[in-house]
Amino acid sequence: MRRFYATTPIYYVNARPHIGHAYCTVVADCARRYEQLRGASTYFLTGSDEHGQKVQEAADKRGMNPQAHVDELHRAFLTLWPELHCLPDQFIRTTEARHRHVVQRALQQLFDAGLIEARVFEGWYSTAAERFWTEKDLVDGKCPDTGQAVVWLQERNYFFLMSRYQQPLIEALQSGTMRILPANRANEVLGFLREPLQDLCISRPKSRLQWGIELPFDRDFVCYVWFDALLNYVTAIGGLGAEAENRALLPEALQPESEGGRGSFATWWPSVTHFLGKDILTTHAVYWPTMLMALGLPIPRTLVVTGWWLMGDAKMSKSLGNVVDPLDLGRRHGMERLRFFLLREMAVGQDANFSEEALIRRANTELANDLGNLLQRVTTLAHRSFGGLVPAPTPADGAARPLSPALRSAIAMGRYLVGDEATGWGAAAADADPGQALPITRNLDEARLHSVLADAMALVGRLNAALSADAPFKTVKDDPVTAANTVYHVLEGLRVAATLLWPAIPVAAEDVLRRVGWHGPVPLLASLRWGDLPAGQELPPIGAPLFARIEALPPPAPAAVVDAPLTATSISTAPAAEGEVAGPPIIGYEAFAALDLRVGVVLQAEAMPKSNKLLRLQVDLGPLGTRQILAGVALHLTPKQLVGTRILVLANLAPRKLMGQESQGMMLLAEGPDGVLLPMRPDGEAPAGSRVS
RNA sequence: GGCUGGGUAGCUCAGUUGGUUAGAGCAAACGACUCAUAAUCGUUAGGUCGUGGGUUCAACUCCCACCCCAGCCA
């Protein structure tokens, strides 16, 4: 039985979840689902890392007990995963007693074996980075990582004799006992290992840090947070003596296989794939396997190292003051779209740029136009011309006319992808090494999830082409048999594509399967055969589009507008100074369409107390309700000039507090020749709330 | 400063052991179609393959130097 134990890093619960957390978990969840399609027995672990200095400090700052603090934050992570359609089997927390016991047993075992020893150590200590630096590491006498102050400390500490395992680790990497994907990351680790490996300080004196797991052999110290954290992968599945406690704690999940459960440590270890970001490569590729070697346990089989999402021009984001949270985008545009974007846009291991535009583009072109629209057009055909049933394909040896090249090409690709060689890719499949894996599984074994998705979408592309080339909607009158054949194969192709896409977009894929008349569970790859979709099945009624196109681009907020005063926009009549580019850059229509400009009727206007510039307006925006808008026009306009009149308002500007009051929009103004600000007003009868475009 | 990886079409990237006209998707232009979500299909256009040298009959591919980007290490 193929086994696949997937882990994410346990996330440091010092801040709320961000895109990096979400991405790594989605990749692990997707990889795990692909393994399920391969028929593997799988287990998926995530969790939270709750010890360490930063947690203690954050709790202190809030005047809270650290445990109460982490209890609160871990909930934010716990609830995020179902929302992202990620289904971990277990969510472990390093503050759990069972984990404390594992860490202490591990420490004691290493100590007893003489693999942990006490040494006196001195150096510059950075509280912010939780580590010592040597004199020459310092930048301007400060911590090179955080720029914070450092103090000279001399202390006794305990060291794990990691250096002893340098050579075994090199051999494990070179032999492939532990694989690191993508492969260039393995080179990076081997490069790191060309230098002598240091021993690892695994203690922190309680005088500095209390929030951690106590060393069993010296109660004046707590354990270094990484030594503690990495062991979670073992605790969760019952290693190092955690089995009994797990059994009490996780009744339905981790019973030994002999008792009908899903297995325990012996089942899952070391068939593990650790998913992690490239920033924690050293801890996972060096500390962790050497710890395991010292403990006499097998080292992990695979590490998958993911890249970072770059959020574009950081300066821009900062000046906007409203960095777009990708998870909010997921909530706004749909989590399946976010999952698909994350998995499709970035090659696993590479960096990629995150932007709302890219997310919308990807969702519109591939999910709405290609996949969703194909489903819509073919099910419409089946309903209109074939009585809402899956039509019968022409038998392969039938006397009917040969398949069109476009349809043949689509079928061939589908068969190739799922390894259905019976009548498949012709010579290419026949000549292939019989032991060679399917293209899908070859990609999966190298963690190239993006390539698998690209293959699935290529199949969708060929199905669209086949449907256009064969035009059954046209030919059905004269040649219903051939038309039926085309419609059948497009439905079947959608079944195959949906299966291949299921790990990325499980909810949508299951919907596709249902809509093409497939009533069984998601097929396993091994049993996925072209032609298994039974003819004559009743199709459900044509529903709403699978993925509606996202039409309007939400605010990209052009710099020119952002930099303007917050309460009023000014259109200067002054000519551009010499040598300056005249005016802001040219923008596309989308940028303009993102502005929600409205006609507003001023219901009230009054001077703001203690301000000589601000007026506080209550503006009726019709369907948008009444907004409070603060406008810096008191020197130019009196409340009387505004009450009861109509003005133009930018309604979707991020709210902003001024002088203790919230401004929920911006009044549009132009600057007159003498510097006087003039309100922009609609000409005619446009009612409150009507859209300006 | 050392090491690793990268610099290929407007954008994001493929390019196998050097070998014909350097590919794909998106964006663009034109055309087709009308079953479909202003979708789909087809065609076209667009590249001194970071810079400069070198090896070779032949270089995106190999070698040297340099520049730029990212990461790791110090």
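Naming convention: chains lettered A, B, ... in sequence-line order (proteins, then strands); numbering from 1 in each chain.
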Name the nucleic acid region contacted by [X], choosing base, sugar-phosphate or nothing; use a 4.0 angstrom heavy-atom cut-off, strictly under.
X: A/Gly307; result: nothing
X: A/Asn464; result: sugar-phosphate
X: A/Ala465; result: sugar-phosphate
X: A/Arg549; result: base
X: A/Asp279; result: nothing
X: A/Arg362; result: nothing
X: A/Leu374; result: nothing

Rounded to the nearest 0.5 Å, what separation is found between the CE atom of A/Met457 and the CD atom of A/Glu366?
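Reported to 0.5 Å precision, the distance equals 4.5 Å.
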
Find the distance [X]:[atom1] to [N]:[atom2] and express it as a whole number of Å.
X: A/Leu193; N: B/rG2; atom1: CG; atom2: P; value: 21 Å
X: A/Leu367; N: B/rA39; atom1: CG; atom2: C1'; value: 14 Å
X: A/Trp308; N: B/rA70; atom1: CH2; atom2: P; value: 11 Å

Quick one, A/Leu374 and A/Leu494 - any side-chain contact, counting heavy atoms below 4.5 Å?
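Of all side-chain heavy-atom pairs linking A/Leu494 with A/Leu374, at least one is under 4.5 Å.
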
Mind checking who B/rG18 pairs with, Watson-Crick or G-U wobble, both distances under 3.5 Å?
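No nucleotide pairs with B/rG18.
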
